[in-house]
Q: 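Here you go, one structure.
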Amino acid sequence: MVQVTPFLLVLSLALVAPGLSAKKCVLTGRWVNDLGSNMTIAAVNGKGEFTGIYHTAVTATNNEIKLSPLQGSQHNTNQQTQPTFGFTVNWSYSDSVTVFTGQCFVDEQGREVLKTMWLLRSHVDDIKDDWKATRVGINIFTRLRPRSE
């Protein structure tokens with residue numbers, strides 16, 4: 001009977017351990033980045049596709065900033081807890097487009113974080129100006145929490 005106890009302990013740990021795995025990072029919801037830009041990502045469908053709205057806090061144009069649509073895709077292999085993703089923002093107030101790629105993480109404090117890199121392509125009138133038409137950068141997004149009332 002004594003030998004059964006260690007077996008049962010190991011068996012119970014094996015059955016319980018998957019439930020103790022890392023918290024899943026979910027793209028759906030409202031996010032803010034390190035520059036103060038906000039985005040809202042709607043539900044991710046079964047194919048990993050999603051849409052949303054992006055409101056930038058920064059711009060290189062003199063145009064009035066407007067909400068801009070985004071479309072993207074999340075990698076869904078094996079229902080990963082920290083998925084990779086990409087999305088495109090088609091700026092409503094300028095003739096440029098930005099593509100973001102990144103990964104959704106859960107940090108040591110249990111907070112969801114989106115680590116991204118982006119390419120922004122601006123329109124130029126001449127191929128000679130192509131050299132200055134693409135910018136690259138990084139942004140870190142954190143989940144926007146509802147205000148406590």
Side-chain angles (χ1 to χ4, degrees), residues 10-149:
V10 171
L11 179 61
S12 64
L13 285 174
L15 294 173
V16 172
L20 300 175
S21 63
K23 179 181 173 191
K24 186 172 184 175
C25 189
V26 178
L27 286 179
T28 303
R30 296 177 60 224
W31 299 88
V32 61
N33 73 17
D34 46 312
L35 298 175
S37 299
N38 290 276
M39 71 173 168
T40 301
I41 297 177
V44 178
N45 70 21
K47 295 179 185 176
E49 302 163 335
F50 59 88
T51 60
I53 298 293
Y54 198 103
H55 187 243
T56 188
V58 296
T59 183
T61 74
N62 293 325
N63 300 341
E64 176 187 353
I65 294 174
K66 297 179 183 176
L67 294 176
S68 298
L70 69 82
Q71 292 184 323
S73 181
Q74 171 184 300
H75 197 264
N76 275 346
T77 303
N78 298 327
Q79 299 299 312
Q80 295 176 350
T81 59
Q82 300 190 117
T84 56
F85 63 89
F87 62 89
T88 301
V89 179
N90 186 7
W91 301 109
S92 299
Y93 62 91
S94 71
D95 55 357
S96 60
V97 65
T98 302
V99 294
F100 288 80
T101 186
Q103 188 168 354
C104 190
F105 291 102
V106 178
D107 69 13
E108 297 81 20
Q109 288 78 37
R111 295 177 301 214
E112 294 167 296
V113 177
L114 306 181
K115 299 273 287 186
T116 67
M117 178 169 268
W118 52 263
L119 292 172
L120 180 144
R121 178 64 188 208
S122 298
H123 174 268
V124 290
D125 292 324
D126 192 293
I127 196 169
K128 293 176 189 169
D129 294 324
D130 181 63
W131 65 271
K132 64 180 179 180
T134 303
R135 298 177 185 187
V136 62
I138 60 170
N139 283 122
I140 300 170
F141 291 84
T142 54
R143 186 170 295 284
L144 262 176
R145 302 283 179 211
R147 291 186 183 175
S148 300
E149 296 184 27

Q: Testing the basics here: between Pro69 and Ile53, what is the closest heavy-atom pair and its distance to 0.1 Å?
A: CA-CD1, 4.4 Å

Q: Any chance CD of Glu49 has more than 12 other-residue heavy atoms, nucleotides or ligands included, within less than 6.0 Å?
A: yes

Q: Which residue pairs pass the salt bridge (Lys or Arg N to Asp or Glu O under 4.0 Å) test with at least one member in residues 129-142, sequence neighbours excluded?
A: Arg121-Asp130

Q: What distance do Asp107 atom CG and Gln109 atom CD have between them, rounded to the nearest 0.5 Å?
A: 4.5 Å

Q: Taking all non-hydrogen atoms of both residues, which atom of Ile41 and which atom of Leu27 are closest, and how far apart?
A: CB-O, 3.6 Å

Q: Could you tell me which non-hydrogen atom of Asn90 sits nearest to which non-hydrogen atom of Ser68, and how far apart they are?
A: O-CB, 3.6 Å

Q: So, for Val113 and Ile140, which heavy atoms are closest and what is the spacing to 0.1 Å?
A: CG1-CG2, 3.5 Å

Q: According to ring-ring contact (aromatic ring centres under 6.0 Å, His included), who are the partners of Tyr54, at least two apart in sequence or on a separate chain?
A: Trp91, Phe100

Q: Measuring from Gln82:CD to His75:NE2, what's the distance to the nearest 0.5 Å?
A: 15.0 Å

Q: Roughly how far apart are Lys115 NZ and Asn139 CG, rounded to 0.5 Å?
A: 10.5 Å

Q: Are Met39 and Leu114 side-chain neighbours, meaning at least one heavy-atom pair lies under 4.5 Å?
A: yes

Q: Does Leu35 CG have over 12 foreign heavy atoms under 6.0 Å away?
A: yes

Q: When you compare the side chain of Thr88 with that of Val97, does any pair of heavy atoms fall below 4.5 Å?
A: yes

Q: Could you pull out the closest heavy-atom pair between Val26 and Glu112, with the gap in Å?
A: N-OE2, 2.8 Å

Q: If I take atom OG from residue Ser92 and atom NE2 from residue His55, how far apart are they, to the nearest 0.5 angstrom?
A: 10.5 Å

Q: Passes side-chain contact (heavy atoms from CB on, under 4.5 Å), Leu70 versus Phe50? Steps please.
A: CA-CA 8 Å; Leu70 69 82; Phe50 59 88; 3.8 Å; yes

Q: At what distance, to the nearest 0.5 angstrom, does CD of Gln103 lie from OG1 of Thr116?
A: 12.0 Å

Q: Side-chain polar contacts of residues 57-65 - donor-acceptor pairs under 3.5 angstrom, sequence neighbours left out - could you list them?
A:
from  : atom 1 : to    : atom 2 : distance (Å)
Thr59 : OG1    : Thr61 : N      : 3.2
Thr59 : OG1    : Thr61 : OG1    : 3.2
Thr61 : OG1    : Asn63 : N      : 3.2
Asn63 : ND2    : Tyr93 : O      : 2.7

Q: Are any non-hydrogen side-chain atoms of Arg143 and Arg111 less than 4.5 angstrom apart?
A: no

Q: Just how far is it from atom OG1 of Thr98 to atom CZ of Phe87, taken to the nearest 0.5 Å?
A: 9.0 Å

